[in-house]
Amino acid sequence: MTDGKGEAADPALGISLELQYAGGRKVVFQTFVARETPQEGIDAILDRLNGSADRAEAYYAQEQAKRQLEVEENAQANIVRRLSEVEGNIQLKASQENRRGGYKPSVKDEMDKKQAHDTVEESRRRVKACKDHLDELIRKAGDRDGTSSAANR
């Protein structure tokens with residue numbers, strides 16, 4: 001390859017990788033390689049570019065993941081409160097009932113209680129999934145001082 005003005009350069013392959021992240025951020029990676037570069041060499045370059053892109057994406061996705069976790073935790077608190085209300089209503093009815101064999105909750109009360117318990121369990125699963133996702137993003141993003149995360153070493 002020559003750099004002189006007007007002289008022909010050896011043909012090269014151009015590689016461009018454009019990514020869009022949260023918050024409207026964009027990045028474009030561009031490089032050139034010799035046409036004779038073996039596939040393994042091109043794959044290595046793409047792996048490096050995509051590794052950097054994935055790390056940056058994980059960094060920028062953390063804020064949204066934190067907000068989603070907060071939403072799920074708030075929903076879980078409301079669901080637990082609802083379960084307490086259902087159980088409280090059943091206890092209130094039981095205390096007002098003067099039956100000889102004790103109070104037996106109605107089918108509706110039992111269904112409400114089961115549904116509330118199921119919803120609490122689902123909510124716990126969702127909160128755990130959000131926490132796991134956030135932890136994965138933090139791990140994947142690595143350190144922002146330029147060092148790579150364990151996933152990229």
Side-chain angles (χ1 to χ4, degrees), residues 12-34 37-153:
L13 299 173
I15 298 174
S16 293
L17 178 65
E18 182 176 345
L19 303 138
Q20 186 165 351
Y21 300 117
R25 291 179 171 91
K26 273 188 177 181
V27 68
V28 177
F29 294 112
Q30 292 183 330
T31 189
F32 293 93
V33 295
T37 302
Q39 181 176 346
E40 296 82 23
I42 295 171
D43 289 346
I45 291 169
L46 291 173
D47 288 347
R48 286 180 65 194
L49 293 175
N50 281 311
S52 292
D54 290 347
R55 194 174 118 250
E57 182 177 27
Y59 177 77
Y60 292 119
Q62 288 178 40
E63 196 59 42
Q64 182 178 349
K66 287 175 186 175
R67 285 192 303 269
Q68 183 63 37
L69 175 58
E70 185 179 342
V71 166
E72 293 297 338
E73 287 174 335
N74 289 340
Q76 183 180 33
N78 290 333
I79 291 166
V80 168
R81 192 173 318 120
R82 173 69 180 131
L83 174 60
S84 295
E85 289 173 6
V86 168
E87 290 176 338
N89 289 341
I90 291 172
Q91 288 176 354
L92 181 63
K93 288 177 184 178
S95 69
Q96 293 173 349
E97 192 77 26
N98 289 330
R99 287 191 186 173
R100 209 165 135 189
Y103 175 73
K104 179 165 175 27
S106 69
V107 173
K108 182 184 180 319
D109 288 341
E110 289 292 339
M111 285 178 50
D112 287 348
K113 185 175 176 180
K114 182 184 180 326
Q115 184 180 25
H117 275 286
D118 291 347
T119 306
V120 166
E121 287 307 311
E122 175 62 17
S123 179
R124 286 184 181 140
R125 187 198 63 74
R126 291 173 62 108
V127 166
K128 183 184 180 324
C130 285
K131 285 180 181 178
D132 291 348
H133 178 65
L134 180 57
D135 289 345
E136 175 66 17
L137 290 174
I138 290 168
R139 184 195 62 74
K140 195 174 192 180
D143 299 322
R144 294 304 291 178
D145 64 357
T147 59
S148 63
S149 67
N152 295 331
R153 288 188 181 139

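Here the structure is a predicted model, which is why all the values come from computation and not from measurement.
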Report the C-alpha distance between Gln68 and Glu72 in whole Å, list the side-chain angles of each, state the deciding distance to 0.1 Å, and finish with yes or no for side-chain hydrogen bond (donor to acceptor under 3.5 Å, both in side chains).
-> CA-CA 6 Å; Gln68 183 63 37; Glu72 293 297 338; 2.9 Å; yes
- Task: Would you check, one step at a time, whether the test side chain to side chain contact (heavy atoms under 4.5 Å, CB included) holds for Val107 with Met111?
- Result: CA-CA 6 Å; Val107 173; Met111 285 178 50; 4.0 Å; yes
### Heavy atoms from other residues, nucleotides or ligands near CD of Gln20 exceed 12 (cutoff 6.0 Å)
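Yes, because the 6.0 Å sphere around CD of Gln20 holds more than 12 heavy atoms from other groups.
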(message) Surrounding CD of Gln64 (heavy atoms of other residues, nucleotides or ligands, distance under 6.0 Å), is the total greater than 12?
(response)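 Check fails, neighbour count at 12 or below.
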Can you name the closest pair of heavy atoms from [X] and [Y] and give their distance?
{"X": "Arg25", "Y": "Tyr60", "answer": "NE-CE2, 3.2 Å"}
{"X": "Ala65", "Y": "Leu137", "answer": "CB-CD1, 3.7 Å"}
{"X": "Thr119", "Y": "Gln115", "answer": "OG1-O, 2.7 Å"}
{"X": "Ala53", "Y": "Phe29", "answer": "CB-CE1, 4.2 Å"}
{"X": "Gln62", "Y": "Leu134", "answer": "O-CD1, 3.8 Å"}
{"X": "Gly142", "Y": "Arg55", "answer": "N-CG, 4.4 Å"}

Under the salt bridge (Lys or Arg N to Asp or Glu O under 4.0 Å) rule, collect the residues that match up with Glu18, sequence neighbours excluded.
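Result, salt bridge (Lys or Arg N to Asp or Glu O under 4.0 Å) vs Glu18: Lys26.
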TODO: Using a 4.5 Å cut-off on heavy atoms from C-beta on, say whether the side chain of Asp109 contacts that of Lys93.
DONE: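 Yes; the side chains approach each other to less than 4.5 Å.
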State the [atom1]-[atom2] distance between [X] and [Y], to the nearest 0.5 angstrom.
{"X": "Arg48", "Y": "Leu17", "atom1": "CZ", "atom2": "CG", "result": "13.5 Å"}
{"X": "Ser16", "Y": "Leu49", "atom1": "OG", "atom2": "CG", "result": "10.0 Å"}
{"X": "Ile45", "Y": "Glu40", "atom1": "CD1", "atom2": "CD", "result": "12.0 Å"}

Does [X] come within less than 4.0 Å of [Y], counting only side-chain N to carboxylate O?
{"X": "Lys128", "Y": "Asp132", "result": "yes"}
{"X": "Arg67", "Y": "Glu70", "result": "no"}
{"X": "Glu110", "Y": "Lys113", "result": "no"}

Non-neighbouring partners of Phe32 that pass ring-ring contact (aromatic ring centres under 6.0 Å, His included), sequence neighbours left out: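 Phe32 satisfies ring-ring contact (aromatic ring centres under 6.0 Å, His included) with no residue once adjacent residues are dropped.
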*By side-chain contact (heavy atoms from CB on, under 4.5 Å) - contacts of Glu73 (at least two apart)*: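 Partners of Glu73 by the side-chain contact (heavy atoms from CB on, under 4.5 Å) criterion, ordered by chain and then number, come out as Leu69, Val127, Lys131.
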Exercise. Quick one: list whatever passes side-chain contact (heavy atoms from CB on, under 4.5 Å) with Leu13, sequence neighbours left out.
Key: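 Leu13: side-chain contact (heavy atoms from CB on, under 4.5 Å) contacts with Val33, Arg35, Ile42.
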_Asp118/Lys114 under salt bridge (charged side-chain N to carboxylate O under 4.0 Å, His left out): CA gap, chis, key distance, verdict_ = CA-CA 6 Å; Asp118 291 347; Lys114 182 184 180 326; 2.7 Å; yes
With Asn74 via side chain to side chain donor-acceptor pair (under 3.5 Å) - residues at least two apart: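 With neighbours one apart ignored, the set is empty.
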Per-pair distances, 0.1 Å, donor-acceptor, side chain in residues 79-87, under 3.5 Å, sequence neighbours excluded:
from  : atom 1 : to     : atom 2 : distance (Å)
Arg81 : NH1    : Asn78  : OD1    : 2.7
Arg81 : NH2    : Asn78  : OD1    : 3.4
Ser84 : OG     : Val80  : O      : 3.3
Glu87 : OE2    : His117 : NE2    : 3.3

